[in-house]
Amino acid sequence: MTDNKRFSHLAADARWQAEWDRQETFRTGRGGADRPRSYVLEMFPYPSGRIHIGHVRNYTMGDVLARFRRMQGHDVLHPMGWDAFGMPAENAAMEKGVHPGGWTRDNIAAMKKQLKRLGFALDWSRELATCEPDYYGHEQALFLDLYAAGLVYRKESAVNWDPVDQTVLANEQVIDGKGWRSGAQVEKRKLSQWFLKITDFADDLLEGLGDLKDWPDKVRAMQENWIGKSQGLTFRFEIDNPPLTLEEIRPDGKANHPDTEYIEVFSTRPDTIFGASFVAISPEHELAQLLAVDDDALDAFIEECRKTGTTAAELETQEKRGFDTGLAVAHPLDPAWKLPVFVANFVLMDYGTGAVFGVPAHDQRDLDFARKYMLPVTRVVAEPGSEDAPIHDEAYTGPGRIVNSRFLDGMEVEAAKAAVIARAEAEGWGEGSTVWRLRDWGVSRQRYWGTPIPFIHCPACGVVPVPKDQLPVVLPEDVSFEIPGNPLVRHPSWKHVNCPQCGGKAERETDTLDTFVDSSWYFLRFASQPEDKPFDRAEIAKWLPVGQYIGGIEHAILHLLYARFWTRALAHIGMIDVQEPFASLFTQGMVTHQTWQDAAGKWLAPEQVEKRGDDWIIIETGEPAEAGRVEKMSKSKKNVVDPDAIVDQYGADAVRWFMLSDSPPERDLPWTESGIEGSWRFVQRLWRLFNKVESAEGEDAALDRKVHQIIAAVGGDIEALSFNKAVARIYELANAIEKAAPSASRNVAIRTLLRLVAPMVPHLAEEGWSLLGGHGLIADAAWPEADPAMLVEDEVTIAVQIKGKLRDTITVAKGLPNDEVERLALASDKVQRSLDGAAVRKVIVVPDRLVNLVI
RNA sequence: GCGGACGUGGCGAAAUGGUAGACGCAGCGGACUUAAAAUCCGCUUCCCCUUUCGGGAGUGCGGGUUCAAGUCCCGCCGUCCGCACCA
């Protein structure tokens, strides 16, 4: 039982959670329409089965902000849902013989229960799960809208194919060229797949980053790099002695033959065009493929390039290697100047044109290559005075003037780039162009547990969209996972339909959508949930963009870029009026924990070890344990703590308090036993304080001022998401109250403290509010206001420095004139002793802060 | 290689260019108790001196700007994260 000695979370937590549910306290839209709106959103979880401590930290932060905004009188939208499609459900189906849907829905139920125990101020009436037809049906409609607008297309594309599991693998599932599950050698297979035209928005997505002032620099930089805009010149080298054309080699004479008249290259440094000494093409370049037909040595070289790995470490050490094709190309600015053509292992086929021209003097990679194959190295950019400086083993990439370059000589780099582009365009051998690293978004997944792509393949009509009145295309429930492959393909009836256009026999698309599509618009559906359409435009205009989005840095690129794209695409087709979904983004740090290992290197769980003096021992055996690094919690290292267990033991409030304490929220938070115990003790200390309101008279001016200073500070800290600082301020106030003698001021201070901690420790706060006779729920109470007049002290402590070194402090009335302060400073014994008779040359007085005496 | 962040006590950390170390954890001492736990009070950057008073050093390293630098500038060193043969 909770009494005036001890706060019992076991009784209080559940009671207040039930009360919030009963009153629908956190339902959006209660209490008037003209209040300011706040949309606070945390990245919704994948229903893996259990919440982990990282979720607890993430949602606690959002919860404090949401509760704080409510107390400030805002209408708060703070929803929760489930990113419920994805592979783990299918893996569970294969391993345990359960149905992905049942597995997922059970997990959702379990995790929802866990979240409820933490007392989050969520509007559960808007809960959604992406695996339910009432969500993904609307997603199918949106996909069709984007298709109608020309933003969806189909194209042949290579995938990683696991021949044993009969399935497509994501890159992360291919380990050393083998399938992660089957261990089979993975093949590249060409499949016709669905793509979203994210590249149409490349420039907008890049430009838009500039307006996202409240996003972390890091995330913006990562997206910028990912989009990867490069500007330069695309141009052509005429091939001097063209090889046989494709038609002559292959009797079928396909239309997509490579043009063997020229090689097209892209460069961001057209200013260095006179420094060219070779042309290199990718092993996958069609010209290379063509030449290899008649050249076994080249064929072998290409095969070898294909085999070598592409991991960062391998690329680091891998040599630049080339194969001289014997072809020669003419320099576009001097047809008599011939350059050799190599097939080179460092040229990427999927960037630019798959071919480059090499300028060894000004590109390190080209220089390495040129030295190896003894190609000429000509300096064409130089800083003043170094025109003739030889290039040794380091390429010069800095600024300078152009040299050895005929009509470009003497120009600065930028001017020379423009001049070459202008000349190329005038003469017709090239044009200024922009190349992006960003690729279109392939959304086809050959899997069951995802949103069915709403198209039908008709032998007569081709690819036909499912008419909107036939949506949702619902996943069949009667599927089995005993045989590898996509169950949708072998389902006896599901895919067999009549063509909506001609009525003839046709087949459904059996691919499903990438789950990143599901999470690209859920924040819209949270804001507005009509039955007959994805969302209501006017409601979206009211709530979007999300005021504060909080989640992990791991989503810096994919999820956040796709959601930005999807939002812009919907705006582009006129369905919504916002361009950017998340006005402010916060990426929180991980929860880490100490690790331990035994002598054999086996990981030990926290409950298996115990500290004896300065050393750790294994409780069961008494053998020594080795304390390792503090690392991200992971099952394999056994350093996880289970949220349910700690909520049982310490209560939701102590756990929440710990999540907010000590570490700045963007940094890692080390979980410690002593830390959570400290939080629990503070919860108890607050409870004792709330029980100490006794009738008392009189003012305590110093405490009054402290209260108002802390109100202002805590509010500002929560606004800035600096929860660790808000926590420190609250400790400060609690300390001050405990030291103060009983007075009316002290009682006010305690009641104020109660409201200040309410967003953080809501169960305790409700209990205290009810104890102290508060009206209604503290969740609905107003945030205390700081009186600006109370923020100023009437006395200030002034530092007295001699040449910047502190010698004494003096306490004076606030606003004392400078000459008075100076006089008092000089009157100090300590100052006189330090001066030791030296003459003061200059005195600097910063009002109400310090005096600096210069000798 | 490119980009981002960071470097402050035993630990997590504070600090609009103006008294470095707020607040918490751990530790030490004391009170209460038969005892322990809990609680309360005090100390707690380091070094020197000392009974006290005091003095010196100090925010990764080296310079600079300034009356004054953890904070600003230049150059290093180190750690973490992301991307990477991107032409």
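Order of the sequence lines fixes the chain letters, A, B, ..., with proteins taken first and strands second; residue numbering starts at 1 for each chain.
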Could you list, one pair per line, each protein nitrogen or oxygen that sits under 3.5 Å from a nitrogen or oxygen of nucleotides 47-54 of chain B, together with the distance?
residue: B/rG54; atom: OP1; partner: A/Lys830; partner atom: NZ; Å: 3.4

Polar pairs (N or O, both sides) under 3.5 Å between protein and nucleotides 64-70 of chain B?
residue: B/rC67; atom: O2'; partner: A/Asn852; partner atom: ND2; Å: 3.2
residue: B/rC67; atom: O2; partner: A/Asn852; partner atom: ND2; Å: 2.7

Nucleotide N/O of nucleotides 71-74 of chain B paired with protein N/O under 3.5 Å:
none

I'd like a table of atom pairs between the protein and nucleotides 14-16 of chain B - only N or O on both sides, under 3.5 Å - with the distance next to each one.
residue: B/rA14; atom: OP1; partner: A/Asn724; partner atom: ND2; Å: 3.1
residue: B/rA15; atom: OP1; partner: A/Lys725; partner atom: NZ; Å: 2.7

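For A/Tyr351, the ring pair (Phe, Tyr, Trp, His ring centres under 6.0 Å) criterion is met by no residue, not counting sequence neighbours. By the salt bridge (charged side-chain N to carboxylate O under 4.0 Å, His left out) test, A/Lys229 pairs with A/Asp203, sequence neighbours left out. In this structure, the salt bridge (charged side-chain N to carboxylate O under 4.0 Å, His left out) partners of A/Arg729, at least two apart in sequence or on a different chain, are A/Glu732. With sequence neighbours left out, the side chain to side chain contact (heavy atoms under 4.5 Å, CB included) criterion links A/Pro742 to A/Glu694, A/Ala696. A/Ser722 pairs by the side chain to side chain contact (heavy atoms under 4.5 Å, CB included) definition with A/Asp717, A/Ala720, A/Asn724, A/Lys725, not counting sequence neighbours.
Listed nucleotides B/rC86, B/rG18, B/rG82 differ in distance to A/Tyr351; the shortest reach to its side chain belongs to B/rC86.
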Dot-bracket line, read 5' to 3' along RNA chain B, where crossing pairs take [ ] and | marks a partner on another strand, Watson-Crick or G-U under 3.5 Å = (((((((..(((.....[....))).(((((.......))))).((((.....))))..(((((..]....))))))))))))....
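Within 4.0 Å (heavy atoms only), A/Arg439 reaches no atom of the nucleic acid at all.
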What is the per-nucleotide protein-contact pattern of nucleotides 36-43 of chain B, from the 5' end, where B denotes a base atom under 4.0 Å from a protein heavy atom, S denotes such proximity for sugar-phosphate atoms only, and - denotes neither?
-> ---SS-S-
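Residues in residues 352-367 of chain A take part in these side-chain hydrogen bond (donor to acceptor under 3.5 Å, both in side chains) pairs, two or more places apart or across chains: A/Gln364-A/Asp368.
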